[in-house]
Number of protein chains: 2
Amino acid sequence: MNMTPVTGDVRQRILNTGQVIIGGKGFSAVGLNEILKAAEVPKGSFYHYFSSKEAFGEALLEDYFTTYLAQTEERLTQPVASNAERLLGYWAHWRDTQHYCDPSGKCLAVKLAAEVSDLSERMRRVLQQGTERIIARLAQSIEAAVAEGSLPQSVNIQGSALELATTLYQLWLGASLRAKITRDRVPLDAAFKATYALLNLDPNRSLTQERTQ
Amino acid sequence: MNMTPVTGDVRQRILNTGQVIIGGKGFSAVGLNEILKAAEVPKGSFYHYFSSKEAFGEALLEDYFTTYLAQTEERLTQPVASNAERLLGYWAHWRDTQHYCDPSGKCLAVKLAAEVSDLSERMRRVLQQGTERIIARLAQSIEAAVAEGSLPQSVNIQGSALELATTLYQLWLGASLRAKITRDRVPLDAAFKATYALLNLDPNRSLTQERTQ
DNA sequence: TGCATCTATAGACGACTGGTCTAATCAGGC
DNA sequence: GCCTGATTAGACCAGTCGTCTATAGATGCA
């Protein structure tokens with residue numbers, strides 16, 4: 001009766017465990033064996049689903065960005081909130097999840113970008129498309145926020161919404177990178193504050209419900 | 001006559017070639033063999049100078065930050081310029097050198113932070129101290145710039161100079177990371193523009209001589 | 001039901017590279 | 001010539017990615 005081939009199941013299990021392990025240790029530092037042992041998948045199966053470690057990494061990133069973009073989409077369209085509130089909620093979530101190491105909740109873009117971009121052209125392209133789409137989605141919400149008045153018109157002075165989204169995304173990328181170094185939330189708190197500034201918002205009036213700590 | 005032991009020479013040669021190769025391919029992806037072959041140092045010698053690959057990585061980062069900080073110090077104290085001009089010169093230089101891959105001019109902080117922080121506590125600490133000192137040095141120049149009036153007082157509203165320096169450094173870290181992905185200068189140009197905004201400078205009036213392109 | 005066909009699993013295996021360490025060599029002082 | 005310490009050569013084994021053969025399972029058709 002179950003028409004979906006087992007294919008998807010095993011393949012996805014390899015991807016899921018791979019994401020956790022590689023998200024923790026990086027791409028080159030992890031061997032296939034470790035992933036396959038953890039996923040309880042024999043080595044022989046691996047090369048049935050993926051033609052090489054590089055192809056696997058490509059699929060890993062594709063899978064990651066697909067689900068990440070879906071989650072982001074949901075977060076940026078949730079009801080009973082202005083677009084500005086949703087955006088700040090997005091970054092508040094980023095801050096709260098990335099500040100210290102949840103094994104599975106790691107951002108693969110932060111973890112792998114530097115390592116993999118010079119290693120595999122194919123993986124680099126996936127990273128490029130993924131980050132591009134995230135930024136485009138953020139830009140869309142920024143435009144909507146300005147249009148509806150939840151963000152001040154003055155943000156337009158700096159440049160297009162796409163430029164602003166690019167800057168903000170990169171700001172958070174860098175903050176996450178440094179959070180890996182410092183292992184505390186200071187970098188992400190700084191990014192959150194700077195986000196207010198770049199959006200021309202009053203830093204003292206919190207638009208969204210922030211966790212005090 | 002030459003009292004300095006050859007030690008320093010060989011050791012430094014391993015560090016220099018290691019920096020170029022690891023700066024290009026990452027830490028885990030590069031084997032000692034490759035570095036030692038390039039440096040024309042026999043494999044057996046390696047463990048005379050370094051107790052392990054990790055210790056080597058630690059020394060590599062220490063060496064890198066030492067010279068980087070010295071260069072930065074020079075750049076931020078050069079005469080016939082205001083502190084604001086020097087700061088913008090620092091970032092203009094960053095933009096111009098990192099936008100596409102000079103084999104040896106790579107920023108090891110960008111390249112290795114994500115990969116190494118979860119891999120080696122000792123290397124992480126070196127990264128932490130190094131970035132902290134860079135940020136502190138930037139903060140010092142920001143304060144001096146405000147004091148002398150080459151940066152507007154209004155930057156103080158956002159927070160301390162250290163906070164601002166933190167934000168700016170992270171912004172550039174993220175921009176460099178994304179530049180690795182996109183392989184163009186768009187991310188760094190966006191960072192440069194955002195730097196003006198975060199410093200409350202008029203983006204159209206260029207304080208420093210920028211290269212048009 | 002029986003047989004053929006194709007997908008998926010199983011893991012041994014090869015060729016190679018990884019970091020590490022012991023044993024030998026070398027240089028210079030006495 | 002011997003002793004001492006710095007330097008090097010290469011063995012070592014665990015682990016790498018990827019291949020390959022053999023089995024197991026499902027599906028199609030008769």
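Letters go in sequence order (proteins before strands), and every chain restarts at 1. Nothing here was measured: the structure is a model prediction, and the numbers come from that model. Hydrogens, waters and symmetry mates are skipped; everything else that's a heavy atom, side chains included, is used.
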Indicate, yes or no, whether a donor-acceptor pair under 3.5 Å links the base of dG18(D) to the side chain of K43(A). yes
Starting at [atom1] of [X] and ending at [atom2] of [N], how long is that distance when rounded to a whole Å?
X	N	atom1	atom2	result
F50(A)	dC17(D)	CZ	C1'	15 Å
L36(A)	dG15(D)	CG	P	16 Å
L32(B)	dC12(D)	CG	C1'	16 Å
Y49(B)	dT20(C)	OH	P	18 Å
K37(A)	dG11(C)	NZ	C1'	12 Å
E40(B)	dT7(D)	CD	P	18 Å
E34(A)	dA14(D)	CD	P	18 Å
F46(B)	dG19(C)	CZ	P	8 Å

Backbone N/O of V116(B) and side chain of S120(B): donor-acceptor pair under 3.5 Å: no
Counting only side-chain nitrogens and oxygens, does [X] get under 4.0 Å of the OP1 or OP2 atom of [N]?
X	N	result
Y47(A)	dC20(D)	no
S45(B)	dT7(D)	no
N33(A)	dT16(D)	yes
H48(A)	dA8(C)	yes

Salt bridge (charged side-chain N to carboxylate O under 4.0 Å, His left out) partner of E58(A), the single match among R122(A), K53(A), R124(A):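 It is R122(A), the one option of R122(A), K53(A), R124(A) that forms the salt bridge (charged side-chain N to carboxylate O under 4.0 Å, His left out) with E58(A).
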Describe the nucleic acid contact of G31(B) in one word from base, sugar-phosphate, nothing, applying a heavy-atom distance below 4.0 Å. sugar-phosphate
Taking any heavy-atom pair under 4.0 Å as a contact, classify K53(A): base, sugar-phosphate, or nothing.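 Sugar-phosphate contact only.
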Check the surroundings of atom CD in E132(A): do more than 12 heavy atoms from other residues, nucleotides or ligands lie under 6.0 Å from it? no
Assess R75(A) against Y90(A): is NZ or CZ under 6.0 Å from the centre of the six-membered ring, and within 45 degrees of the ring's axis? no
Chi angles and distances behind the ring-ring contact (aromatic ring centres under 6.0 Å, His included) call for F46(A), F56(A): CA-CA 9 Å; F46(A) 178 85; F56(A) 168 66; 5.4 Å; yes
Would you kindly compare G44(A) and V30(A) by the position of their nearest DNA chain D nucleotide and give the one closer to the 5′ end?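 Nearest-nucleotide comparison on DNA chain D picks V30(A).
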